[in-house]
Amino acid sequence: MRVLVTGAAGSVARQVLPALERRYEVRPVDLPDGDLSDLEAARRLTTGVDAVVHLAGNPQPAAGWESLHRPNIVALTNILAVAGRSRVVLASSVHAVGQYRLGGVDAQRPAAPCCSYGATKAFAEVAARAHSYQTGGTAICLRLGACTPTPPARQALELWLAPEDLQQLVIRALEAPARFAIVPGVSANTGSRWSTANTIGYRPTKDSAQYRNQVDDVPGWATCEGAAA
Ligand SMILES: NC(=O)c1ccc[n+]([C@@H]2O[C@H](COP(=O)([O-])OP(=O)(O)OC[C@H]3O[C@@H](n4cnc5c(N)ncnc54)[C@H](O)[C@@H]3O)[C@@H](O)[C@H]2O)c1
Ligand SMILES: O=C(O)[C@H]1O[C@@H](O)[C@H](O)[C@@H](O)[C@@H]1O
């Protein structure tokens, strides 16, 4: 399978690329290869691939619309516009459902973003769903939590996605026989309110509990209370 990975210089891509490169023919691209908010650049970069793992974007939950619009809306719609029947795997976020504070949060819950950034991810999910419906192609949205080698803060314990689980998640998203899915991107964290139930066969094996005594509260770590509390 020929797989385009956008945002390849970014922190999520760097954790997942080694596993993808062992398994597929990977084309890693980032801004020096072309700005995806330019439709022709997006078309050129996607030519000839079977799947796109779309990780390019502005990942900052505190960002305003001005800095979100091009990377998270225009680049995303360009990727969908040129994807054709290629499978699309895209990075959504727990911030797409960041308003939910109580009870279990599973991937069937409708979007309830806690910030403009989360709203761009909610848009990405519905745009991907429309794309799949219109073209018959596959689109898988990953509601990623905190993608770091170890949990970065106490508030991140329930949202942590270990690199090994991230790798498995993206591989399942590339290979599962699904048409459209929203999938939780978190590890099997003890005490988490985030459900890992999913339809693509992702089975997380890591648990942030082993780091519980090694992390502190980091004031301001997440700007969205619902996602952090
Ligand atoms: N890091 C996390 O824990 C996390 C959690 C949830 C969701 N996400 C999402 O995962 C994706 C990757 O996040 P990250 O932390 O690796 O971000 P990052 O900022 O480290 O990497 C993003 C990359 O995208 C590239 N990029 C941005 N705009 C572009 C454009 N117009 N054209 C081409 N390339 C462009 C940047 O150059 C950068 O290298 C983002 O969509 C983010 O919203 C990340
Ligand atoms: O969950 C998310 O989308 C975001 O969570 C924040 O806490 C991270 O610092 C950021 O990089 C992520 O993109």
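Sequential numbering from 1 along the given sequence is applied to the chain's residues. Whatever order the structure lists ligands and atoms in, that order sets their numbers, starting from 1. Owing to the predicted nature of the structure, the values given are computational and were not obtained by experimental measurement.
The 12-atom threshold is not exceeded at CD of E66, counting heavy atoms of other residues, nucleotides or ligands nearer than 6.0 Å. In this structure, R27 places its CZ atom where more than 12 heavy-atom neighbours from other residues, nucleotides or ligands lie under 6.0 Å away.
Nearest protein neighbour of atom 5 (O) of ligand 2, counting heavy atoms only, is H95 NE2, 3.5 Å. When only non-hydrogen protein atoms are considered, atom 6 (C) of ligand 2 lies nearest to P61 CG, 3.7 Å. Shortest contact from atom 12 (C) of ligand 2 to any protein heavy atom: P59 O, 3.4 Å. Shortest contact from atom 10 (O) of ligand 1 to any protein heavy atom: A91 CB, 3.4 Å. Here the protein heavy atom with the shortest distance to atom 1 (N) of ligand 1 is V12 CG2, 3.5 Å. For atom 12 (C) of ligand 1, the closest heavy atom belonging to the protein is L55 O, 3.0 Å. Scanning the protein for heavy atoms near atom 23 (C) of ligand 1, the closest one is G7 CA, 3.6 Å. Regarding atom 7 (O) of ligand 2, its nearest protein heavy-atom neighbour is W221 CZ2, 3.4 Å. Among all protein heavy atoms, the one lying closest to atom 43 (O) of ligand 1 is Y117 OH, 2.6 Å. Protein heavy atom nearest atom 15 (O) of ligand 1, with residue, atom name and distance: S11 OG, 3.2 Å. When hydrogens are left out, the protein atom nearest atom 17 (O) of ligand 1 is P59 CG, 3.3 Å; that is the closest non-hydrogen contact.
Contact annotation: the side chain of R2 approaches that of D50 to within less than 4.5 Å [non-hydrogen atoms, C-beta and beyond]. Contact check for W160 versus C147: no side-chain heavy atoms found under the 4.5 Å cut-off. Residues S93 and L144 form no side-chain contact, since every pair of their non-hydrogen atoms from C-beta on lies 4.5 Å or further apart. For the pair S132/T138, no side-chain contact is recorded, criterion being any heavy-atom separation below 4.5 Å from C-beta on. Proximity of V5 to V29: side-chain heavy atoms (C-beta onward) are nowhere separated by under 4.5 Å. Contact check for K206 versus E164: side-chain heavy atoms found under the 4.5 Å cut-off. Residues E158 and W194 have side chains in contact (heavy-atom distance under 4.5 Å, counting atoms from C-beta outward). Side-chain atoms of R129 and I182, non-hydrogen and from C-beta on, never get closer than 4.5 Å to each other.
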Report task. Evaluate salt bridge (charged side-chain N to carboxylate O under 4.0 Å, His left out) for R23 paired with E175, printing each intermediate quantity in order. Result -> CA-CA 11 Å; R23 208 170 167 99; E175 297 183 10; 2.8 Å; yes
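Residue contacts with ligand 1 do not include T6, since none of its heavy atoms lies under 4.0 Å from the ligand. For the ligand labelled ligand 1, residue A8 lies outside the 4.0 Å heavy-atom shell. Put simply, part of G34 is less than 4.0 Å from ligand 1, judged by heavy atoms. Using a 4.0 Å cutoff on heavy atoms, A41 does not count as a contact of ligand 1.
Among the atoms of Q60, none of the N or O lies under 3.5 angstrom from an N or O of ligand 2. Polar contact check, K121 against ligand 1: a nitrogen or oxygen pair lies under 3.5 Å apart. The shortest N/O to N/O separation between G145 and ligand 1 falls below 3.5 Å.
In this structure a side-chain-to-backbone donor-acceptor pair under 3.5 Å is missing from D38 to L36. Using a distance-only test at 3.5 Å, with no hydrogens or angles considered, a donor-acceptor pair links the side chain of Q99 to the main chain of P113.
For ligand 1, the atoms sitting less than 4.0 Å from at least one non-hydrogen atom of P71 are 28 (N), numbered in the order shown with element in parentheses. When each atom of ligand 2 is checked for a heavy atom of S93 under 4.0 Å away, the hits are 1 (O), 2 (C), 3 (O). Less than 4.0 angstrom separates some heavy atom of D35 from each of these atoms of ligand 1: 30 (C), 31 (N), 32 (N). Those atoms of ligand 1 that come under 4.0 Å of a heavy atom in D30, given as number and element, are 23 (C), 25 (C), 34 (N), 36 (C), 37 (O), 38 (C), 39 (O). Of all atoms in ligand 1, listed by their number and element, those nearer than 4.0 Å to a heavy atom of G57 are 22 (C), 24 (O), 26 (N), 27 (C). Near V94, with a cut-off below 4.0 Å to any heavy atom, the atoms of ligand 2 are 1 (O). For ligand 1, the atoms closer than 4.0 angstrom to any heavy atom of A146 are 3 (O).
At a threshold of 4.0 Å, the pair D217-R154 counts as salt-bridged, since one of the basic side-chain nitrogens sits closer than that to a carboxylate oxygen.
For A96 against A122, the heavy-atom pair with the smallest separation is CB-N, 4.0 Å.
In the model, S187 has no side-chain atom that pairs as donor or acceptor with a side-chain atom of N189 under 3.5 Å.
Among N72, L31, L36, the residue whose heavy atom lies nearest to atom 29 (C) of ligand 1 is L31. Among C147, G10, A56, the residue whose heavy atom sits closest to atom 35 (C) of ligand 1 is A56.
Contact annotation: for C147 versus ligand 2, there are no heavy atoms closer than 4.0 Å.
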